[in-house]
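Here the structure is laid out as structure tokens; the discussion comes afterwards.
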Amino acid sequence: MIDNYGSIIGEKEIIELKSIAEKLKGKKILNVNSTFKGGGVAEILNKMIPIMESMGINIKWDIIKGDADFYGVTKKFHNALHGVKENFSAEDFEIFLQTNNKNIEKINLDADIVFIHDPQPIALVNAKKNNGWFWRCHIDLTNSDEKVYNFLKQFISKYDACVFSSPYFSKTDIEIPQYLIFPSIDPMSDKNKELDDKLIEKVFFDFNIDIKRPIITQISRFDRLKDPIGVIKAYKMVKRHVDCQLVLAGGGADDDPEGAKVYEEVLEEKKDDPDIHILMLAQNDILINALQRGSTVILQKSLKEGFGLTISEALWKKKPVIASNVGGIRYQITHKYNGLLSNSIEGTAHYIKQLIENPEYAAYLALNGRNHVKENFLITRHIKEYMLMFLTEKNKDVIYF
Ligand code: UDP
């Protein structure tokens, strides 16, 4: 399977990846996060694990399981770490710890390397023995609520190393080694592979969207931090001047209890505009791929964003992207070179109009975008950096380069 990527990244890279993987053979690696589907972390793990297995690495993936109260608390953590005001009781922290402790008994943590993703399962580290533990933070911690961050810090310090998606998010008060590793997309996956035009047309036809008129699309979970209401407001401003349609498509994530409520708010904002299409979708990568490929402009108007895989997904498909000037988005888009960064609803509306009216400029940005993703955000680079991190941090004995 890794060999399939040679046509994109070159055979030399494949040989290098395989030789690094060789050093990890015989080591058991376990990933733990909080959901098998929905959101960027599950997206990456779903694609990464089979590729690493194809290089002979013994890598597994499990999830922490909890009840509705636990996911309620972890969603509040998530919001608060992004700077949203939330109220916490002592019981919230208790629920968090109890659920982590119960999972310590259920999950087989007996691996050479345990790779924990995001805050939900962070306290599993209480079961650390003499094996290597890494914490991967996918979220933007620049403005995090102190109470939650300090609570998490007691666990972070027990890890061997942690990984952030941006130098902005790294912390000066953490003493363990910190790695900067950007997320990535899989160019060969159903989400990102080339699609037949007929299939793309059919998807739009089935949703009753006119592929001949401009289409503005945002693909995101229904989450306030993705600002779907702001997207509709920007569309409405554009619509006064230019004919266009809006697609807001997203599914839920198993660990996100707020999705249904936000979906209702979005429907309310849509009112009866037949050119606004709010699509609540079951996980379907080909469908998302087709929606991205058939759109005129892709938006990611997040208020906070650890990275925003949807941006690289769109750029890879040579689509012009307008995204908020926040968090990890800034590594994917250099303003006016390979996309546009906006700071407001008005700015977003202005750029949408500009891209619809000037397709040549849109194509210029998009082509630069594709090249930027090819150089920086493909899954093969991501795998290489993880493997090197595992080798350098915990398994110094197996390095003999
Ligand atoms: N996604 C999807 N279906 C949806 C909504 C999102 O497959 O209905 C995917 C999207 O294509 C991307 C991931 O979920 O691969 C979202 O990752 P991102 O980093 O953009 O945001 P997160 O949800 O992790 O905050």
Side-chain angles (χ1 to χ4, degrees), residues 33-48 74-75 77-79 81-82 84 117-120 136-141 164-166 169 181-193 195 203 207 217-228 231 247-260 262-263 266 277-293 295 298-317 319 321 323-324 326-333 339 373 377-379 382:
N33 76 321
S34 61
T35 174
F36 284 127
K37 66 173 175 22
V41 182
E43 172 75 20
I44 292 169
L45 289 173
N46 261 306
K47 307 301 184 293
M48 185 174 270
T74 56
K75 183 68 189 184
F77 274 22
H78 182 81
N79 290 339
L81 288 169
H82 280 107
V84 176
H117 298 261
D118 278 342
Q120 298 93 333
R136 201 327 170 193
C137 176
H138 292 267
I139 57 187
D140 177 350
L141 292 182
F164 293 99
S165 297
S166 154
F169 311 159
I181 299 181
F182 290 120
S184 63
I185 63 159
D186 180 355
M188 312 288 279
S189 65
D190 283 352
K191 174 75 58 71
N192 296 309
K193 68 185 186 189
L195 293 181
V203 166
F207 283 121
T217 296
Q218 175 161 301
I219 309 284
S220 277
R221 290 176 296 102
F222 288 95
D223 182 322
R224 290 193 191 93
L225 290 173
K226 307 287 183 185
D227 199 16
V231 169
V247 177
L248 269 177
D254 293 343
D255 60 346
D256 182 353
E258 282 179 358
V262 177
Y263 176 69
V266 171
H277 301 269
I278 313 292
L279 313 177
M280 176 63 110
L281 304 172
Q283 187 74 34
N284 183 331
D285 286 351
I286 298 269
L287 202 62
I288 298 291
N289 187 344
L291 287 171
Q292 288 167 326
R293 285 185 187 277
S295 298
I298 299 288
L299 296 187
Q300 192 57 57
K301 218 209 140 303
S302 307
L303 302 173
K304 287 274 178 176
E305 193 63 79
F307 186 73
L309 287 180
T310 48
I311 296 158
S312 278
E313 288 166 3
L315 293 177
W316 178 249
K317 297 173 180 101
K319 289 288 146 184
V321 176
S324 304
V326 297
I329 290 178
R330 290 180 280 213
Y331 292 94
Q332 297 179 78
I333 293 186
V373 173
F377 303 126
L378 296 187
I379 198 155
H382 197 175

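Order of listing sets the numbers, starting from 1, for every ligand and every atom in it.
- Between D118 atom CG and T74 atom OG1 the span is 10.5 Å, to the nearest 0.5 Å.
- Ring geometry for H138 versus H117: interplanar angle under 30°, hence parallel rather than tilted (30 to 60°).
- Residue contacts with ligand 1, taken as heavy atom pairs separated by less than 4.0 Å, do not involve I311 at all.
- The single protein non-hydrogen atom nearest to atom 8 (O) of ligand 1 is G251 N, 2.5 Å, given as residue, atom name and distance.
- The N/O atoms of V41, backbone and side chain alike, include none that comes under 3.5 Å of an N/O atom in ligand 1.
- What you find for L81 and P119 is that their closest heavy atoms are CD1-CG, 3.6 Å.
- We find the CD1-CD1 distance between I219 and I298 to be 6.0 Å, quoted to the nearest 0.5 Å.
- If you check which protein heavy atom lies closest to atom 3 (N) of ligand 1, you get I288 CD1, 3.6 Å.
- The G308 neighbourhood of ligand 1 comprises atoms 19 (O), 20 (O), with distances under 4.0 Å to a heavy atom of that residue.
- In this structure, Q332 contributes its side chain and F307 its backbone to a donor-acceptor pair below 3.5 Å.
- Taking NE2 from H78 and CG from D223, the interatomic distance works out to 5.5 Å, rounded to the nearest 0.5 Å.
- Between the side chains of Q292 and K317, a donor-acceptor pair is found at a separation under 3.5 Å.
- Atom SG in C137 sits 12.5 Å away from atom CD1 in I181 (nearest 0.5 Å).
- Looking from atom 15 (O) of ligand 1 to the surrounding protein, the closest heavy atom is E313 OE2, 2.4 Å.
- For K191, every heavy-atom contact with ligand 1 shorter than 4.0 Å involves the side chain, none the backbone.
- Of all heavy-atom pairs spanning F222 and D256, the tightest one is O-OD2, 4.4 Å.
- Ranking protein heavy atoms by distance to atom 6 (C) of ligand 1, first place goes to I219 CG2, 3.8 Å.
- Considering backbone and side-chain atoms alike, S220 places every N or O at 3.5 Å or more from each N or O of ligand 1.
- T217 contributes atom OG1, which lies 11.5 Å from atom CD of Q300 (distance to the nearest 0.5 angstrom).
- For atom 25 (O) of ligand 1, the closest non-hydrogen atom on the protein side is K226 NZ, 2.7 Å.
- Within the listing of ligand 1, atoms 15 (O) sit less than 4.0 angstrom from a heavy atom of E43.
- Scanning the protein for heavy atoms near atom 19 (O) of ligand 1, the closest one is L309 N, 2.9 Å.
- Under 4.0 angstrom from ligand 1, there are no non-hydrogen atoms of L281.
- Shortest contact from atom 23 (O) of ligand 1 to any protein heavy atom: R221 NE, 2.7 Å.
- Evaluated by nearest non-hydrogen atom to atom 17 (O) of ligand 1, the leading choice among G40, G306, P183 is G40.
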